[in-house]
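One structure is given here, and the rest of the page talks about it.
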Number of protein chains: 2
Amino acid sequence: MNVPNYLSHLSVDNVIFGYHNKQLKVLLMKLNNNNYWMLPGGFVKEDESILTAAKRVAQERTGLSELYLNQFKTYGDPHRTKDARIVKLEAYSSYTFDHQAPETLDSYFVSVGFYTLTEFSKVAINKGPLDQDCNWFALDEIPELLYDHNQLIVDAVKSLRLHVDHYPIGKKLLEKKFTMPEIQALYETILDRTMDRRNFSKKIMKSGIITKLEEQRNIGAHRAPYLYAFNEEKYNEALKNGIASIF
Amino acid sequence: MNVPNYLSHLSVDNVIFGYHNKQLKVLLMKLNNNNYWMLPGGFVKEDESILTAAKRVAQERTGLSELYLNQFKTYGDPHRTKDARIVKLEAYSSYTFDHQAPETLDSYFVSVGFYTLTEFSKVAINKGPLDQDCNWFALDEIPELLYDHNQLIVDAVKSLRLHVDHYPIGKKLLEKKFTMPEIQALYETILDRTMDRRNFSKKIMKSGIITKLEEQRNIGAHRAPYLYAFNEEKYNEALKNGIASIF
DNA sequence: GCAATAGTGTCTGTAAGACAGTATATT
DNA sequence: AATATACTGTCTTACAGACACTATTGC
């Protein structure tokens, strides 16, 4: 049952986070012949890197190509895919887009976990040809998933929050020009805690990754907020070298 | 060339750090038919987890069985093992202890990187049956290694230092009873920077992971230092939940 | 003037870091 | 007494966190 096109016993799984309007969600899918939700994942071709494979999988479902993926952990336990609930032979062909799979889905798969962060209102969800369903779930409404995928999400969230503490985010999640309340809401949502407006503003301005513009945005019956934009140089430098824990 | 006993295209590589007397070293090996040093690594059996495989590999070379392994990153690029320097057919049989290898060593291997930290004076180095050599190297004397193994070491060091910032270490590296200068030397060596004696002592005592004993150690012609021991409860609790960046 | 949102400065406490003099043991 | 090591406390500074009032806009 070896299709030479794919590496056997190896897969990638993606935790695709979507942010929009103070909500953080995760993209889940459900196979045709199985009534359980799972993370979108796929196999690795013989001539591609694991990162490329993960990007391909993410792109297939979201349509977005410029995703910034982050590897967070690799799962390799012979029992992790022994899941009584999965319908063996019928399921595997739909896991990957081109209808090829190196083994049945309950054989031993070592899976490399990646996560990414997108703006979910920009995503046009694209079901796999044999997916039954594919949709966003809020973090506190994740159902029981196949395999160890609930654990993957827990680990990915932890990793994302650690990342946010040391690297800038927001370029792909906010408009080019955004307000201070908007970027604060982004951080508060991802870190799942509220922060003091004055302290937040002080700290993020001191880090230098955003710049205050002269413009304001008209928001109707309220005081107009100032607009900000990312400082490209500082932002990129911080992406590379990290920033001493801002939040 | 598929030996069903092992997962194909998958390996584990171990960065085995050894600490002793203010020195931090890495265990490297050299295959019989190849004049380049590399990290000890191995393959994953069909019925074992990647962690078990990595432990097996580490135990084979060090003789130590109670190692605490830490997964730090997975490497999967189709070109990572295309190394002109390796002697293809002759080399692979010696990579693993039981003379079986699923492919030649230059096929595509996705490798899961682990590191561990040991007391190197306790290690009886055990060459693989077909290893030409196996030895400790100081961090600043690592030669050019096969494949991407130099990068693995860089990443492992980074990961180790990050780990040390948030979790206690030392139980496997120091005697049951140790002095303040000894534990400080350990931290200074791993983090590769000196620290102020007074501040170090203040901070580590405040963290609660060590306790001052009544005893002192006789060190000859000098003032006798007090002995300390780890506080098991605090230590284990900190291992689980981490400690707010001590150093 | 009311409601809703945005904007900003100061104070306090804590913790980190710099720093030097005293104590002990041996010869 | 000389040497080598160990022990410890205070001061300063920076940063985090708490906190409240004013400004703008539309109705």
Side-chain angles (χ1 to χ4, degrees), chain A residues 21-22 161-162 164-166 170 174-175 177-189 191-229 238 242-247, chain B residues 21-22 161-162 164-166 168 170 174-175 177-189 191-229 234 238 242-247:
Chain A
N21 192 27
K22 305 193 185 180
R161 291 191 175 145
L162 201 67
V164 164
D165 272 348
H166 296 280
L174 300 170
E175 304 295 323
K177 300 175 181 178
F178 50 88
T179 68
M180 190 61 78
E182 279 167 357
I183 191 172
Q184 180 171 351
L186 168 63
Y187 276 92
E188 288 185 337
T189 304
L191 295 175
D192 195 30
R193 60 187 174 95
T194 58
M195 303 184 214
D196 184 88
R197 280 216 309 281
R198 294 158 284 199
N199 296 336
F200 179 88
S201 160
K202 257 187 290 179
K203 272 157 116 183
I204 200 162
M205 288 311 289
K206 203 176 62 169
S207 82
I209 59 170
I210 68 173
T211 314
K212 187 175 182 175
L213 306 175
E214 291 304 311
E215 309 168 60
Q216 289 172 290
R217 173 186 295 166
N218 192 315
I219 53 163
H222 311 294
R223 175 171 181 173
Y226 283 96
L227 289 172
Y228 295 79
I243 23 183
S245 175
I246 337 186
F247 303 105
Chain B
N21 192 26
K22 303 192 186 181
R161 292 193 173 142
L162 200 69
V164 164
D165 271 348
H166 296 281
L174 300 171
E175 304 295 323
K177 298 174 181 178
F178 50 88
T179 69
M180 189 61 78
E182 280 167 357
I183 191 171
Q184 181 171 351
L186 169 63
Y187 275 93
E188 288 185 338
T189 304
L191 295 174
D192 194 31
R193 59 188 176 94
T194 59
M195 302 185 214
D196 184 89
R197 281 216 309 282
R198 294 158 283 200
N199 296 335
F200 179 89
S201 160
K202 256 186 293 178
K203 272 157 115 183
I204 200 160
M205 288 311 291
K206 203 176 61 168
S207 81
I209 59 170
I210 68 173
T211 315
K212 187 176 184 175
L213 305 175
E214 290 305 310
E215 307 168 62
Q216 288 172 290
R217 172 186 295 167
N218 192 314
I219 53 162
H222 311 295
R223 173 170 182 173
Y226 283 95
L227 289 172
Y228 294 79
K234 291 273 180 107
I243 23 184
S245 176
I246 336 187
F247 304 106

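By convention in this document, chain letters (A, B, ...) are assigned in the order of the sequence lines, proteins followed by strands, and residues within each chain are numbered from 1. From a predicted model like this one, the values you see are computed outputs, not experimental measurements.
- Every salt bridge (charged side-chain N to carboxylate O under 4.0 Å, His left out) that B:Arg198 has, sequence neighbours left out, goes to B:Asp196.
- Not counting sequence neighbours, the partners of B:Arg217 by the side chain to side chain donor-acceptor pair (under 3.5 Å) test are B:Glu182.
- Atom CD1 in A:Ile204 sits roughly 17 Å away from atom C1' in D:dG17 (whole-Å rounding).
- The ring-ring contact (aromatic ring centres under 6.0 Å, His included) check on B:Phe178 picks up B:Phe230, with sequence neighbours excluded.
- Remark: B:Glu214 CD to B:Lys212 NZ distance equals 8.0 Å, nearest 0.5 Å.
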- Message: Can you build the contact string for nucleotides 18-27 of chain D? Use B for base contact, S for sugar-phosphate-only contact, and - for no protein heavy atom under 4.0 Å.
- Response: BBB--BBBS-
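- Boundaries of the chain B contact region on DNA chain C are C:dG17 to C:dT26, first to last in 5' to 3' order (nucleotide atom under 4.0 Å from a heavy atom).
- Atom CD in B:Glu214 sits about 13 Å away from atom P in D:dC7, given to the nearest Å.
- In this structure A:Arg161 satisfies the salt bridge (charged side-chain N to carboxylate O under 4.0 Å, His left out) test with no other residue, sequence neighbours excluded.
- Under the side chain to side chain donor-acceptor pair (under 3.5 Å) criterion, A:Glu188 pairs with A:Gln184, sequence neighbours left out.
- Under the rule for a salt bridge (charged side-chain N to carboxylate O under 4.0 Å, His left out), the partners of A:Lys177 that lie at least two apart in sequence or sit in another chain are A:Glu215.
- Residue pairs that meet the ring-ring contact (aromatic ring centres under 6.0 Å, His included) test with at least one member in residues 205-226 of chain A, sequence neighbours left out, do not exist here.
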